[in-house]
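We count residues from 1, following the sequence as given.
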Amino acid sequence: MYTPIAGTAGSNLHAGCRDTGDLIYAGSLCGVHNAGSLAGLLECSPRHLTRLFKKQTDCSPIMYLIQLRMVKAKELLRKTDATLQDIAGSVGYPDGYFFSRAFKKYIGVSPVHYRNSLYSSALVRNTRLDNPLSMSECSIDSISGTLHTVIEDNNHYQNYDEGILRMNRNARHSMAFILLLSFTLLLSACSGTSSPAATEGTSQGSNNTAAEQTSQERVLKDALGHEVKVPAQPQRVIASYLEDHLVALGVKPVAQWSVGKNSVQGYLQKELKDVPTIASDLPFEAVLNFKPDLIIMDSASMVEGDKYNQYSKIAPTYVVGSNMNNDWRQELLTVGEVLNKSSEAKQALSSYDKKAAEAKAKLSQTIGQKTVAALWVTDKNVYVVNQSLSSGDVLYKDLGFKIPQVVQEISKTAKANWSNLSLEKLAELDADYVFIVNSKNVSKEDIIKDPVWAGIPAVKAGHVYDFGKDSSWLYTGTIANGQMIDDVLKSVIQ
């Protein structure tokens, strides 16, 4: 990600430019690093150059260049299916993120939203196609009119000498200077990388490569029926509660969910240790600050009320499931489709299923059919996992363990992954093996020495195993579930 160079006290850029760092960077893209570079090229002082340009155009040279780039960018967004990175390069921004930031700053919406038909139609009705800024600091139309007038008067020129303009200091000749400088900026803005080919009014040839075809945005229908225009290759993804799937697909989000003070999914921190956190309820302002180009929501509950409309104004927003808890396998496949990584999702799922099948066979041969339970112990409560969700799905469906009667009873009415287990029901737990997620900050021995645990078969047989709160037992996905399988095998088969 590009970090703009801070403007120094000695900068010769126009004082009216509000973000000096942005302007220095914009100028450097075309070999014009600041007003001093332009002044050296045209053999005048930077102060004189800026003053002349400002007098004739009401804006600085670099601001004029930025506006030219925004005009071209809007045209490419309207008329082509090119990726944002390709468009950024075509208008002189090698960094796609910086281009998106600059576009939103000067146009008012992100490039993705501008391309969206709803935003695009509104903008086209209210903005002339040759004027990039509805409230710009200077008008390209007015400059163009001035240039046209000056062109017709050959007396306003001096000849080129070895590529260097010899400028007459006469006031009339200053207009010629502005003309040539403007053309220099125009060429800088529109040269370099060739523009993506327009698709409006043209037919696609049959010899298009697969890469060209996959570079186009796709329209996908989410679980709530929204038609979402998804970037072909999203670069800045927020997918709260779905990070396991992202990591499995080789995608690093721009933010990871957290609860409280940096309470994150500990088991994923090898891959996500450098990823900043965002509150799990995804505050709109926080999401906006991360500048995502795609938002993926786990369930309908996360976009209740007007939340979906709010998120979709920030970036294309796709809702994976209509329920609070969704089948994690289908969830992975859906996320893979949204991220244009369907083959990777299928491969990850296939590898997990193979691992689970091998572990199931090994457990069956070693200990036979046994009952097990997963419990989450905190400072105040004990919770038991739903037989069909989270680690319950792994233990009972994938590994083939038998479900204790207590777990079956609670799971009949439970809607959450984990349900509170009363001391009475804990004492009745008929489990041969117990796996504890230990969030109590005491040892396993201190937990099970409480008399209420004494009658549990697993406690009597010494088959109780605990794992820290940073383990994967509270989560789900190919990575989380794979780690649970490893934990079970290491614990049970010794």
Would you check if the side chain of Asp222 reaches a backbone N or O of Val319 as a donor-acceptor pair within less than 3.5 Å?
yes
Working for side-chain contact (heavy atoms from CB on, under 4.5 Å), residues Lys341 and Val251
CA-CA 10 Å; Lys341 289 179 174 289; Val251 175; 3.6 Å; yes
Is it true that Asn381 and Thr378 share a donor-acceptor pair across their side chains at a distance under 3.5 Å?
no
Value rounded to 0.5 Å, distance of CD in Glu75 from OG in Ser90
11.0 Å
Rounded to the nearest 0.5 angstrom, the CG-CG distance for Asn441 and Asp446 is 11.5 Å
Return all side-chain donor-acceptor pairs below 3.5 angstrom for residues 357-368, not counting sequence neighbours, or 'none' if the list is empty.
from: Thr366; atom 1: OG1; to: Lys362; atom 2: O; distance (Å): 2.7

Have Trp328 and Asp393 got a donor and an acceptor in their side chains that come within less than 3.5 Å?
yes
Would you check, one step at a time, whether the test side-chain contact (heavy atoms from CB on, under 4.5 Å) holds for Leu220 with Glu337?
CA-CA 9 Å; Leu220 303 177; Glu337 181 184 10; 4.1 Å; yes
Taking everything shown except Lys402 itself, do over 12 heavy atoms lie less than 6.0 Å from its NZ?
no
Taking C-beta and beyond as the side chain, do Leu339 and His245 meet within less than 4.5 Å on heavy atoms?
no
Just to verify, what does Tyr475 make a side chain to side chain donor-acceptor pair (under 3.5 Å) with, not counting sequence neighbours?
none
With no hydrogens and no angle check, just 3.5 Å: does a side-chain donor-acceptor pair link Gln85 and Gln233?
no
What distance separates Phe99 CZ from Asp86 CG, expressed to the nearest 0.5 Å?
11.0 Å
Determine, for Asp274 against Lys252, whether the closest basic-nitrogen to carboxylate-oxygen distance falls under 4.0 angstrom.
no
ring-ring contact (aromatic ring centres under 6.0 Å, His included) partners for Trp473, two or more places apart:
Phe435, Phe467
Within the structure provided, determine whether Ser472 and Met484 are in side-chain contact (heavy-atom separation under 4.5 Å).
yes
For Val372 and Asp432, run side-chain contact (heavy atoms from CB on, under 4.5 Å): C-alpha distance rounded to whole Å, both residues' side-chain angles, the deciding distance at 0.1 Å, then the answer.
CA-CA 6 Å; Val372 303; Asp432 298 313; 5.9 Å; no
Once ring-ring contact (aromatic ring centres under 6.0 Å, His included) is applied, what residue pairs with a partner in residues 378-414 remain, sequence neighbours excluded?
Trp376-Tyr383
State whether Asp353 and Arg329 are salt-bridged, where the test is any N-O pair (Lys NZ or Arg NE/NH1/NH2 against Asp/Glu carboxylate O) under 4.0 Å.
yes
Evaluate whether atom CD of Glu285 has more than 12 neighbouring non-hydrogen atoms of other residues, nucleotides or ligands under 6.0 angstrom away.
no
Using 0.5 Å steps for rounding, measure from the CZ atom of Arg236 to the CG atom of Leu84.
12.5 Å
Heavy-atom closest pair, residues Val385 and Gly392:
CG2-N, 3.5 Å
Ser312 and Asn309: side chain donor to acceptor below 3.5 Å:
no
If we ignore hydrogens and angles and just use 3.5 Å, is the side chain of Glu271 paired with the main-chain N or O of Gln269 as donor and acceptor?
no
Above 12 or not: heavy atoms from other molecules or residues under 6.0 Å from NZ of Lys469?
no
Under 3.5 Å, is there a donor-acceptor pair linking the side chains of Tyr465 and Asp487?
no
How about Val338 and Leu294: do any of their side-chain heavy atoms sit closer than 4.5 Å?
yes
Ser343 and Gln347: side-chain donor and acceptor closer than 3.5 Å?
no
Passing candidate, side chain to side chain contact (heavy atoms under 4.5 Å, CB included) with Pro292, options Val112, Val237, Ile314:
Ile314
Can you list the residues that meet the side chain to side chain contact (heavy atoms under 4.5 Å, CB included) rule with Asp466, with sequence neighbours excluded?
Ile436, Asn438, Lys444
I would like to know whether Ile87 and Thr80 meet side-chain contact (heavy atoms from CB on, under 4.5 Å); could you show each step before the answer?
CA-CA 9 Å; Ile87 292 176; Thr80 78; 4.3 Å; yes
Kindly indicate whether the side chain of Val254, heavy atoms from C-beta on, has any atom under 4.5 Å from the side chain of Ile238.
yes
Is there side-chain contact between Trp257 and Val264, with heavy atoms separated by less than 4.5 Å?
no
Establish, from distance only, whether the side-chain atoms of Gln387 and Gln408 form a donor-acceptor pair under 3.5 Å.
no
Write out all pairs satisfying ring-ring contact (aromatic ring centres under 6.0 Å, His included) with one or both partners inside residues 280-302, taking only residues at least two apart or from two chains.
Phe284-Tyr311
